[in-house]
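A note on names: the letters A, B, ... follow the listed sequences, proteins ahead of strands, and every chain is numbered from 1.
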Amino acid sequence: MADRMDERVRDVTIVVGGEAGQGIQTIEFILTRVLKRSGYHVFATKEYMSRIRGGSNSTLIRVGSQRVPANVDRIDLLVPLDSGALTHLAGRISKDTLIIGEKKALKTEHNCVDIPFAAMAEEAGGKIYANTVAIGFLCGILEADLAILENYLKEYFGRKGKEIVARNVQAAGTGYRAGGEMRSAGRVAFSIDRDPSVAGNLLVSGAEAVSLGAISGGCRFISSYPMSPGTAILTYLSRHSEKFGIVAEQAEDEIAAVNMAVGASYAGARAMVTTSGGGFALMEEGVSLAGITETPLVIHLGQRPGPATGMATRTEQADLDLALYAGHGEFPRIIYAPGRTEDAFVLTHRAFNMADRYQVPVFVLTDQYFLDSYYSTSSLGDDAVFNEDHVIETDESYMRYRLTEDGISPRGVPGFGTGLVAVDSHEHTEEGHITEEIGVRNAMMDKRMGKIRAILADSVPPVLTGPEDYRVLVVGWGSNFHIIAEAVQLLRKDDISCLHFSQVFPLPPDTAELLDRAEVTVVVENNFGGQFARLLRAHTGFEAGHRILQYDGRPFCSELLARKILKIARRN
Amino acid sequence: MADRMDERVRDVTIVVGGEAGQGIQTIEFILTRVLKRSGYHVFATKEYMSRIRGGSNSTLIRVGSQRVPANVDRIDLLVPLDSGALTHLAGRISKDTLIIGEKKALKTEHNCVDIPFAAMAEEAGGKIYANTVAIGFLCGILEADLAILENYLKEYFGRKGKEIVARNVQAAGTGYRAGGEMRSAGRVAFSIDRDPSVAGNLLVSGAEAVSLGAISGGCRFISSYPMSPGTAILTYLSRHSEKFGIVAEQAEDEIAAVNMAVGASYAGARAMVTTSGGGFALMEEGVSLAGITETPLVIHLGQRPGPATGMATRTEQADLDLALYAGHGEFPRIIYAPGRTEDAFVLTHRAFNMADRYQVPVFVLTDQYFLDSYYSTSSLGDDAVFNEDHVIETDESYMRYRLTEDGISPRGVPGFGTGLVAVDSHEHTEEGHITEEIGVRNAMMDKRMGKIRAILADSVPPVLTGPEDYRVLVVGWGSNFHIIAEAVQLLRKDDISCLHFSQVFPLPPDTAELLDRAEVTVVVENNFGGQFARLLRAHTGFEAGHRILQYDGRPFCSELLARKILKIARRN
Amino acid sequence: MDKKTYDRGDIEITWCPGCGNYPLLESLKGALAGLGLDPGEVVVVSGIGQAAKTPHYLRCHMFNGLHGRAVPLATGVKAANRHMTVLAIGGDGDMYGEGGNHFLHAIRRNPDITNLVHNNMVYGLTKGQASPTSPLGMVTPVQVHGVAAEPINPLAVAITVGATFVARAFTGDGEGTVSIIQEAIKHRGYALVDILQPCVTYNRVNTFQWFSERTYHLDESHDPRDMMGALKVAMDRERLALGILYASPGKPTFEDTLPVYARSPEPLHRRRVDRALLGEHIGEKI
Amino acid sequence: MDKKTYDRGDIEITWCPGCGNYPLLESLKGALAGLGLDPGEVVVVSGIGQAAKTPHYLRCHMFNGLHGRAVPLATGVKAANRHMTVLAIGGDGDMYGEGGNHFLHAIRRNPDITNLVHNNMVYGLTKGQASPTSPLGMVTPVQVHGVAAEPINPLAVAITVGATFVARAFTGDGEGTVSIIQEAIKHRGYALVDILQPCVTYNRVNTFQWFSERTYHLDESHDPRDMMGALKVAMDRERLALGILYASPGKPTFEDTLPVYARSPEPLHRRRVDRALLGEHIGEKI
Ligand SMILES: Cc1ncc(C[n+]2csc(CCOP(=O)(O)OP(=O)(O)O)c2C)c(N)n1
Ligand SMILES: Cc1ncc(C[n+]2csc(CCOP(=O)(O)OP(=O)(O)O)c2C)c(N)n1
Ligand code: SF4
Ligand code: SF4
Ligand SMILES: [Mg+2]
Ligand SMILES: [Mg+2]
């Protein structure tokens, strides 16, 4: 395994911990933006309790010369806003961790640089500026650009008035100088190269990428019921509903949400819902409705640990099976599980096109870790996407379920053309009316299920990272993309590659071939059962030799994962 | 394949067809009971449209010297109550089918014996007795005992008064003589031996067997929302709720139903719900609740064709995946899919014991065909079952989720003992209170999921019919038991056996070994996707070479299935 | 317009002979044709049940959805295309049982849809179980000891939740039903019409005669703008008023409150993504 | 009994400082202890939300279930064991949003449970979206243009659906809350207590002061047996009455109507299958 100190030169991991309501979010927000504008690659992710105030939460910020968008266990710099943060993060504090804060208040025996943020803040006008001092300090230690910091603070606090701005600038400066001094004193050993082009990068979270992909995909209707972590998409589309012409409705429950969306889609509006496992369970009958009526529907399912309420603000990948088999009866579906924010944008966009093209429900399967993480990226790929138009103008002979060669019946909507659009949740005739006739039933089942063939041919292939002639293949899906990639990269072995699936169903055509080529296969999943490994086995017959599973509600950490992979690689 | 005429000697298939409301059910009811009491083995199954009056329905009755409890395609004797029945059943009428009825009214070109039921009924007092004439006629042709028929009519119509009884007896007699004459004239070639012991057999439908199994299993609470074909269990338990001390509540929706049942079970009442796919989809969040809270729950899921409303009164086996992966998050479950009425009784009983023993949701997975069919059987096996008692009296140190070796925490209920019983839908501590702590989460997940091991050791093995040293193995599950068994029996090959699973999840331990022994494997399922075949592959790696699938809403027919199996057996 | 415009021609209707749904269907056709609505501008959404089969017997756009879910589905249709006249049809079980939550919240949301409830006080299609409007004591295959739960009073509930159009009709009164349905369709906002409909097969209590004996027509003396007055009429379970109990026009509809329609009434399916605007927006993430 | 009996001891309570749930919790403990109820005879069931965390802070039996589903769950508990005192607790979103259908039908069914709704007029736990009781115009992260749907009036709805105990309390009035909860528990049948509870974090409209200014106590002049009178008080959205708006004892409860309790009140978990009776019954199938 690669030398950790060596890594450290290229990137630093900062963790800020404290109670909900203490301002961790603000620190993260400002710091990542200022560092990015200063030319550093940044990555941030958070973990938090299911409560509004108190408790102990933390945010992890990685700053590097290159993109390092993966969760890690190690903490280089820890900024605890209260002593609870030290208890909360105890397991992750090592001898290499530098704790920054008021030593006396923190009462820690670890490596601690005594920086009296509160006292320094008082100078600037009050304790309330302590967080800004900390921001300044971190910028100083990392050699961020002070002018950029100051400008950003002006932008950020602008509407609060000049005095507030001035005090924040002062507090930041105090911190910045202290950070610089510590750096000069040689207490830290980073040397992170700046890349001026990063300044123009985007900072987009997984949740924003899904939301923007939806807007880009022509989403005109979202109806949902709040549920973490799915709510973020509803919130985003609501906030921008006027700008982009979207109906964003909070339904009375998830059942109403999915049925409203199906109704809107029937009437021609590209429609979606967003939810999490428990809410989705309630939508399943509606998904089955979309299935038999062949009404396009995009479902964003943000996973969190179950069963039932489970751990409401944590992460897990345990609802793949749920999405895969949701709804009674049999009908085709597509499931995307993006691994990178860019994928989330492109695949959510694509979800709307595919839903319309094949008239099927399409899932975008994410999780809390993915939605709440973000990193610097040059583009979302929004130039490469365009919206297909699959709605036809009907004439009087129109039949909604006309049997065609490829199983796709031209889709009309009420009020566009002279035809009538009849849609039915029962088995139905070509005209869309209820039937129990055997021949029609068989024809309609064959038509619907037959679409899977075309969908397969229209697959998003898995992404292979590493050498083509791998001996060991580490397989992942969804939010694990970067974590697995970094883990394998840390190992610096030329016989280990990673294969990441962002289309998890149907499995892309070349899946079996790619898996068969490996001598040793390791499937990495954030769940108990190894659901993706089972899916691979059920559909390709391939049994993964090894599975690395984690189901404690936390994402993998790349360096810990690297060790587990190495162990398997060495033994096999 | 065996000679059909030869089969015919041993059993006769009668089909009565007509509109809903024309009295098919009464004919079936009386005829099967009289024939059974006369010493014949009987089997009856029905198919009907989703409407209350009109349309075209039919009932199939098989009468034999031996048990023949499987659906067939062929019709030996057809009694059409209207001409619509001939159109409806056209595909199944062959040159060997004898149509019985008023030739003029039926306008058929097929082999028809002109029996003017209506006119004969007028003699007895009115057209209304036509069905009784038909019953008499069929009894006559089959040489049932006239005295038994007369007695049964007295019993059946008793509360309608003497005159009605007398007229029915007269009508039956008229029919009986006509049937006898036809028989004497040599127009039919059956020779069905009577078995006096059959007279004492039970006639129990699948729905009744499940209901009786529930009563026997100590069910004290059923809350459900009507949905075909699940309703039958609610109706049965409601009807006998006073006798057996059961709370039977029709809920406002399926969500209320499952939550009420979980509440009742928490309080110590053995509880169940009954529904079909669409209703079950709405219950999934509640199933997940039962999963994490480890509250015993029995779910009867009567399958019908989907997606969505599908074909409400038809049959399918397409909700295996739904049951298997229902509910968000991961938790253990057991799924029984009885193949024989006796199994339905014993396994439903067992479902309650297992739910209590392992504190998990247990499914009884049936379908419309299974629930609506019945046949003569000597016993339900009710002598062999007994109820376990897994509820403990608590003391003050009681903790609902105490970590134990085998993962099973002694189960207390409120008000029994001095302990407090705290139960939580979040991840929870041993005390039952919300937690997000990693160690506790892992311990609780391991505890819950670990129960699968013990459950596996406590499996219901699959039933092998046929030689042990099979070359071809025909695999089935659920309602297909008898159909597959008869199909294979018809083939009279000493290298073909059938393997039937009534515990479909977890797969019994010896599954892989049994499958591996076959050269050729054929999985027979009433669905499109081959869900059980996929389950076998996902969990054992075994890929069935062949699948025979049917998804038109109708059950398999044993002789048609036999041909398909033979084709595969010959070619491989 | 001839009401034949709404005939689907030679189709089979699967209701029982004598069912109250037949005259209801005729009233509905009459109401739609009478308003001069082209079938191409009418979308009839339904749930599952005998009543919910109605759209299959009408020549216009239709969506036969899930049991209990016609109202949210219709809400989505209307929100996506304001030009359509949208009706949500179903039975008493459909709308007040399985769909009870949507009933409450659709009223609050006030989409411009017409909600017709064929209230036969029983579950017809599933063979005679009690519905939320079944009378106390009615014996059914499930309620073997008689219905024990208080029947719901949908009209009174609708008024207290803030519905702006609440009416009751009776299939025995064809003309009245036509005109009430027409008023309901003309009303801007959610309009509830609870239609007493005898089920000849499963409801032996609330028969045609039972309804005939208990119903009466509201006359001029009734002020449909007086909420408490309307509530009083609605609360009367002995004498069942036919007509418009409550109507308070002028409240903004759900669609009125949607910013998508602030600038244009164009149906959503006609709109295209403004890629320049999106590009600009994404640019703000730098 | 000392209300400390209901303390769970040294546990962390995860509500925000200043939240109205704290005094409410104290009132609830006071009410339970004041009635002399042993924690072993009390089962507190809840949904999901801030309010729904309550049972974790009480020393008695508890079932923290699913969002929106506390009421059917509590109904099941009570039906299985009549000896227990059963409360169903949750927020306004829990009970009137996700759980709206159960709210309607529990009232009809009339189980002997007490339904406490912590009405903070907002979704607390999910960070400030509108709830069914949020006032028109309130701006939230989802209702960015302000709440457009008419807030529900739970008390009025409960009365029209036939609830036999309907009350309103306010966390600012600890004593009143204690006594109302006690009356609700003592009432045989479904009892609704809507409790005005300020959310200091997400509801900047309906603050403690806002509630204080608009609430008043019902006095003797109010007759809680007069349904139309109670309805009138409930319909008043300007002045919010505190106290028992409506109480009409004597109606049979759900459990009263269950044949299982006709002969014995024994909890269901104590009962064993009568195998002889079953054998006889099966014998009838010959
Ligand atoms: C989710 C779901 N639950 C249950 C059913 C079964 N079901 C179909 S219609 C119906 C009730 C019919 O009663 P009602 O709505 O009053 O209509 P009616 O037949 O009386 O016109 C039920 C329970 C279903 N289709 N879907
Ligand atoms: C099925 C389901 N949908 C959504 C959620 C997410 N959720 C948790 S609490 C809550 C609403 C909380 O509001 P309220 O009930 O008013 O309680 P409060 O937090 O205000 O006390 C929601 C939507 C959930 N847990 N389950
Ligand atoms: S069952 Fe009742 S409601 Fe249904 S069609 Fe027959 S008469 Fe009409
Ligand atoms: S968010 Fe509101 S309701 Fe929730 S704990 Fe905080 S103040 Fe109380
Ligand atoms: Mg009805
Ligand atoms: Mg609230």
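Of the atoms belonging to A/Val204, it is side-chain heavy atoms, and not backbone ones, that fall under 4.5 Å from chain C. Only the side chain of C/Leu258 comes within less than 4.5 Å of a heavy atom in chain A; its backbone stays farther off. Proximity to chain C is limited to the side chain of A/Glu208, based on heavy atoms less than 4.5 angstrom apart. A/Glu396 does not touch chain C: none of its heavy atoms, backbone or side chain, sits under 4.5 Å away. Using a 4.5 Å cut-off between heavy atoms, A/Val385 touches chain C through backbone and side chain atoms alike. If you measure heavy-atom distances from A/Asp424 to chain C, the contacts under 4.5 Å come from both the backbone and the side chain. Contact of A/Thr293 with chain C is made through the side chain alone, with heavy-atom distances under 4.5 Å. Residue contact with chain C, scored on non-hydrogen atoms closer than 4.5 Å, involves the side chain of A/Lys36 exclusively. Looking at A/Ile246, the atoms closer than 4.5 Å to chain C (heavy atoms on both sides) all sit in the backbone: N, CA, C or O. Residue contact with chain A, scored on non-hydrogen atoms closer than 4.5 Å, involves the side chain of C/Phe254 exclusively. Only the side chain of C/Glu284 comes within contact range of chain A, with heavy atoms under 4.5 Å apart. Neither the backbone nor the side chain of A/Asp383 comes within less than 4.5 Å of any heavy atom of chain C. Contact annotation for A/Ala199: only backbone heavy atoms (N, CA, C, O) come within less than 4.5 Å of a heavy atom of chain C. With a 4.5 Å cut-off on non-hydrogen atoms, C/Arg109 touches chain A through its side chain but not through its backbone.
In terms of heavy-atom pairs under 4.5 angstrom with chain C, the leader among A/Val391, A/Val413, A/Ile255, A/Asp382 is A/Ile255. Of the listed residues A/Gly218, A/Ser241, A/Gly200, A/Ser265, the one with more heavy-atom pairs under 4.5 angstrom with chain C than any other is A/Gly200. Highest contact tally toward chain C, considering only A/Ala267, A/Ala264, A/Ala261, is held by A/Ala264 [criterion: heavy-atom pairs under 4.5 Å]. Note: C/Leu268 leads C/Thr14, C/Asp38, C/Leu268 in heavy-atom pairs under 4.5 Å with chain A. Ranking C/Val77, C/Asp274, C/Asn81, C/Thr75 against chain A, the residue ahead of the rest is C/Val77, based on heavy-atom pairs under 4.5 Å. In terms of heavy-atom pairs under 4.5 Å with chain C, the best-connected choice from A/Arg270, A/His426, A/Arg33 is A/His426. Counting heavy-atom pairs closer than 4.5 Å to chain A, the top-ranked of the candidates C/Ile11, C/Ile286, C/Val273 is C/Ile286. Per-residue counts of heavy-atom pairs under 4.5 Å with chain C were compared for A/Ala271, A/Ser216, A/Gly245; the largest is that of A/Ser216. Between chain C and the options A/Glu242, A/Met260, A/His433, heavy-atom pairs under 4.5 Å are most frequent for A/His433.
A side chain to side chain contact (heavy atoms under 4.5 Å, CB included) with C/Lys53 is found for exactly one of C/Leu25, C/Leu125, C/Asn21, namely C/Leu125. When each of C/Thr114, C/Asp112, C/Asn110, C/Asn115 is checked for a side-chain hydrogen bond (donor to acceptor under 3.5 Å, both in side chains) with C/Tyr190, only C/Asn115 meets the rule.
Remark: side-chain polar atoms of C/Arg188 are not paired, donor with acceptor, to backbone N or O of C/Ile185 under 3.5 angstrom. Without hydrogens or angle criteria, A/Asp253 side chain to A/Ala256 main chain gives a donor-acceptor distance under 3.5 Å. A distance-only check finds a donor-acceptor pair linking the side chain of A/Ser425 to the backbone of C/Gly65 [under 3.5 Å].
Below 30°, between 30° and 60°, or above 60°: for A/His240 and A/Tyr236 the angle between ring planes is between 30° and 60°, a tilted geometry. Between A/Tyr156 and A/Phe29, the angle of the ring planes lies from 30° to 60°, which puts this pair in the tilted group.
A salt bridge between C/Lys78 and C/Glu255 is absent, with no side-chain N of the basic residue lying under 4.0 Å from a carboxylate O of the acidic one. One finds no salt bridge joining C/Lys251 and C/Asp256 here, because no Lys/Arg side-chain nitrogen approaches an Asp/Glu carboxylate oxygen to under 4.0 Å. Salt bridge status for C/Arg108 with A/Glu252: absent, with no side-chain N to carboxylate O gap under 4.0 Å. Ion pairing of C/Lys3 with C/Glu26 is present here, as a side-chain N (NZ or NE/NH1/NH2) and a carboxylate O approach within less than 4.0 Å. Taking a cutoff of 4.0 Å between a charged side-chain nitrogen and a carboxylate oxygen, A/Arg411 and A/Asp356 qualify as a salt bridge.
Summarising the geometry, atom CG belonging to C/Leu32 is positioned 6.5 Å from atom SG belonging to C/Cys60; distances are rounded to the nearest 0.5 Å. A distance of 10.5 Å separates CD in A/Glu155 from CD1 in A/Ile30, rounded to the nearest 0.5 Å.
Applying a 4.5 Å heavy-atom cutoff, the residues of residues 39-50 of chain C that approach chain A are C/Pro39, C/Gly40, C/Val43, C/Ile48. Residue-level contacts of residues 85-105 of chain C with chain A, in order of numbering, are C/Asn101, C/His102, C/His105; threshold 4.5 Å between heavy atoms.
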request  = Test C/His61 against A/Tyr266 for ring pair (Phe, Tyr, Trp, His ring centres under 6.0 Å), laying out the working first.
outcome  = CA-CA 11 Å; C/His61 300 293; A/Tyr266 159 73; 7.4 Å; no
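Across all their heavy atoms, A/Ile392 and A/Pro410 have their closest contact at CD1-CB, 3.7 Å.
A ring-centre distance under 6.0 Å is not found for A/His349 and A/Phe386. A/His41 and A/Tyr375 have their aromatic ring centers separated by at least 6.0 angstrom.
Stacking of A/Arg37 on the aromatic ring of A/Tyr152 is not recorded, the 6.0 Å distance cut-off and the 45° axial limit not both being met.
Side-chain contact annotation: A/Tyr225 with A/Thr274, donor-acceptor N/O pair under 3.5 Å absent. In the model, C/His187 has a side-chain atom that pairs as donor or acceptor with a side-chain atom of C/Thr164 under 3.5 Å.
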